[in-house]
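One structure, pasted below without further comment.
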Amino acid sequence: MLQVNYIRENREKVLERLSVRNFKQPELVDEIIKIDEERRSTQTSLDNISAEANAAAKQIGDLMRTGKKYEAEAIKAKTASHKENIKALTEKLTELEAAQFNAIVQLPNLPYDLVPKGSTAEENEVVYLHGAPAALPTKALPHWELAAKYDIIDFELGVKITGAGFPVYKGKGARLQRALINFFLDHATAAGYKEMQVPHLVNAASGFGTGQLPDKEGQMYHSTIDDLYLIPTAEVPVTNLYRDVIVKEEDLPIKNTAYTPCFRREAGSYGAHVRGLNRLHQFDKVEVVQITHPDKSYETLEEMSRYVQSLLHELGLHYRVLRLCGGDMGFTSAMTYDMEVWSAAQERWLEVSSVSNFETYQANRLKLRYKGKEGKAQLAHSLNGSALALPRIVASILENYQTENGIKIPEALVKYTGFDIID
RNA sequence: GGAAAGCUGGCAGAGUGGUCGAAUGCGGCAGUCUUGAAAACUGUUGACUGUAAUAGGUCCGGGGGUUCGAAUCCCUCGCUUUCCGCCA
């Protein structure tokens with residue numbers, strides 16, 4: 001959520017930045033400014049009347065105490081109008097605040113200066129390319145066929161017990177999942193992230209804090225009987241750990257990591273691109289989250305990007321890094337890098353990680369601030385990244401490491417899996 | 001699921017209608033003392049809003065009500081803890 005004062009004082013800049021996203025409702029900006037003017041003048045009127053009412057009440061108190069009951073009654077008679085005015089102005093103010101809030105939550109984050117203008121994925125900027133496509137055997141298979149061939153992931157069994165998009169991992173497939181989770185968590189720990197185990201269901205306040213609510217309500221599984229949401233990513237619980245918190249400036253940066261399953265309804269996405277592991281309703285992911293000083297967040301974004309790349313590097317995958325254009329970025333992000341791994345068998349890039357700087361957008365919703373030894377509390381910056389999401393990494397490993405004798409396990413993973421080939 | 005108690009500043013905790021944004025302790029910050037530190041002592045220390053700066057306003061779990069005046073009384077919702085029940 002953007003800050004009203006910033007919008008008011010930087011109208012041109014806000015409009016210019018929103019155009020980088022091809023934001024469709026720039027008129028919201030002026031609407032917000034207009035509501036804000038009215039809101040503040042209403043607030044001032046209310047404050048003045050409240051001040052009068054407070055003074056009168058105090059005077060009555062003093063008179064009562066000194067036994068001047070008659071004079072007190074005289075002042076009481078005058079206070080009736082205060083009450084009505086306060087009530088009316090309070091109602092007006094509540095309405096204006098609600099209107100302003102409803103408008104402001106519709107504004108996405110402002111893209112950072114480096115973000116290219118654009119509206120579709122084609123306009124993303126490739127900033128780094130690593131490795132070359134794997135040399136595959138002549139009859140290379142896509143991962144869903146490999147999964148069936150070696151009986152390591154069973155999609156049909158998942159359909160039986162739950163539904164499409166909930167695969168069952170079997171034998172070495174299950175073991176590979178567990179190995180990747182441990183591999184990712186160990187590396188995150190080595191990189192200075194503190195491992196956390198967090199709830200997989202969150203309340204509505206948490207969903208709002210990181211921006212899933214109100215606009216992406218339909219994408220989350222909702223346990224209505226208790227009004228709790230299944231997390232779509234560990235970002236939600238891990239970032240909300242700091243909701244309504246003022247951290248000490250010297251404690252920054254805060255670096256946390258967590259493994260969690262992620263649940264996504266993915267309403268409305270079907271077709272060839274969602275085959276196999278490409279898009280699931282439940283999947284596993286290790287997430288890294290940082291809370292930083294505003295001056296350091298872009299430095300941190302680069303650090304996180306390099307960290308994610310180091311994982312792909314170790315797994316020996318051919319990947320590229322994209323800087324997303326304004327239109328392809330998430331609603332809450334100020335700048336995002338996507339890491340994509342080449343799937344030789346599917347002949348397409350698979351997004352395996354997304355690393356974003358949210359600047360103060362989440363912090364403003366979360367009321368996450370930091371405070372130095374002097375001065376006021378300021379909004380901190382929050383960042384997060386997948387490090388990494390398992391399904392597409394598994395797909396990449398299966399596809400890119402397939403041989404005629406079976407699927408080789410990347411060397412760095414062998415000590416975690418305990419085997420070096422799936423056959 | 002049943003019953004009870006509670007929700008106050010970074011934390012603990014007092015406060016049952018007016019002088020309460022709120023005692024006290026801890027913690028934080030500054031200072032005195034010290035070669036330095038600790039201890040002790042002194043002072044200081046909530047957030048938001050608002051102003052050129054003052055002032056003013058709001059906040060004692062959320063919402064509503066009573067009253068000239070509410071942390072305090074009433075209603076309602078939420079949450080937490082404890083006991084009982086069930087149970088990994």
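Proteins get letters first, then strands, A, B, ... in listed order; numbering begins at 1 in each. Because only heavy atoms are used, hydrogens play no part in the values below, and waters and symmetry mates are left out as well, while side chains stay in.
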**Prompt:** Between B:C7 and B:G63, how far is it from one C1' atom to the other, in whole Å?
**Reply:** 16 Å

Within residues 197-213 of chain A, the residues having a heavy atom closer than 4.0 Å to RNA chain B are none

Residue pairs meeting ring-ring contact (aromatic ring centres under 6.0 Å, His included), one or both in residues 214-250 of chain A, sequence neighbours left out, come to A:His222-A:Tyr229

Picking from B:G50, B:G65, B:A47, the nucleotide nearest the side-chain atoms of A:Ile246 would be B:A47

Please list every donor-acceptor pair under 3.5 Å in which a side-chain atom of residues 82-92 of chain A meets a protein atom from a residue at least two apart or in another chain.
{"unit_1": "A:His82", "atom_1": "NE2", "unit_2": "A:Glu52", "atom_2": "OE1", "d": "3.1"}
{"unit_1": "A:Asn85", "atom_1": "ND2", "unit_2": "A:Ser81", "atom_2": "O", "d": "3.4"}
{"unit_1": "A:Thr90", "atom_1": "OG1", "unit_2": "A:Ile86", "atom_2": "O", "d": "2.5"}

For residues 154-179 of chain A, the ring-ring contact (aromatic ring centres under 6.0 Å, His included) pairs (sequence neighbours left out) are A:Phe166-A:His281

Residues passing the side-chain hydrogen bond (donor to acceptor under 3.5 Å, both in side chains) test with A:Asp30, sequence neighbours excluded, are A:Arg11

Handout entry: Salt-bridge present (A:Lys13, A:Asp113; N to O < 4.0 Å)
Key = yes

Side-chain contact check for A:Lys87: nearest option of B:G69, B:G50, B:G65 is B:G65

(message) Please report the distance separating the C1' of B:C60 from the corresponding atom of B:C48, rounded so that it comes out in whole Å.
(response) 15 Å

Applying side-chain hydrogen bond (donor to acceptor under 3.5 Å, both in side chains) to A:Asp423 and not counting sequence neighbours gives none

Sequence neighbours excluded, the answer for side-chain contact (heavy atoms from CB on, under 4.5 Å) partners of A:Lys117 is A:Ser19, A:Val20

Could you tell me how far B:A40 sits from B:G21 if I compare only their C1' atoms? Round to whole Å. 31 Å

Sorted by chain and number, sequence neighbours left out, side-chain hydrogen bond (donor to acceptor under 3.5 Å, both in side chains) with A:Asp251 holds for none

Pick the P atom in B:G15 and in B:A52, then give their distance to the nearest Å. 43 Å

*Is A:Lys371 near enough to B:A47 that one of its side-chain N or O atoms lies under 4.0 angstrom from OP1 or OP2?*
yes

Return all side-chain donor-acceptor pairs below 3.5 angstrom for residues 156-165 of chain A, not counting sequence neighbours, or 'none' if the list is empty.
none

Quiz prompt | C1' atoms of B:C33 and B:G43, separation to the nearest Å | solution = 15 Å

Review point. When the P atoms of B:C79 and B:C73 are considered, how many whole Å apart are they?
Key: 23 Å

Would you say A:Arg369 places a side-chain N or O within less than 4.0 Å of OP1 or OP2 belonging to B:A47?
no

In whole angstroms, the gap separating P of B:A47 from CD of A:Gln378 amounts to 12 Å

For residues 38-62 of chain A, the ring-ring contact (aromatic ring centres under 6.0 Å, His included) pairs (sequence neighbours left out) are none

In whole angstroms, the gap separating P of B:U49 from CD of A:Gln100 amounts to 12 Å

Practice task
Decide whether a cation-pi geometry holds between A:Lys172 and A:Tyr150; the criteria are a distance under 6.0 Å from NZ or CZ to the six-membered ring centre and an angle within 45° of the ring axis.
Solution key: no

request  = Using the P atoms only, state how far B:G25 lies from B:A37, rounded to an integer number of Å.
outcome  = 25 Å

Could you tell me how far B:G62 sits from B:G78 if I compare only their C1' atoms? Round to whole Å. 7 Å

When pairs are called at under 3.5 Å and a stem needs at least three consecutive Watson-Crick or G-U pairs, the stems of RNA chain B are B:1-7 with B:78-84, B:10-12 with B:24-26, B:27-32 with B:40-45, B:46-49 with B:56-59, B:61-65 with B:73-77

Under-3.5 Å N/O pairs linking protein and nucleotides 53-64 of chain B:
{"unit_1": "B:G56", "atom_1": "N2", "unit_2": "A:Asp47", "atom_2": "OD2", "d": "2.6"}
{"unit_1": "B:G57", "atom_1": "OP1", "unit_2": "A:Asn54", "atom_2": "ND2", "d": "3.0"}
{"unit_1": "B:G57", "atom_1": "O2'", "unit_2": "A:Asp47", "atom_2": "OD1", "d": "2.7"}

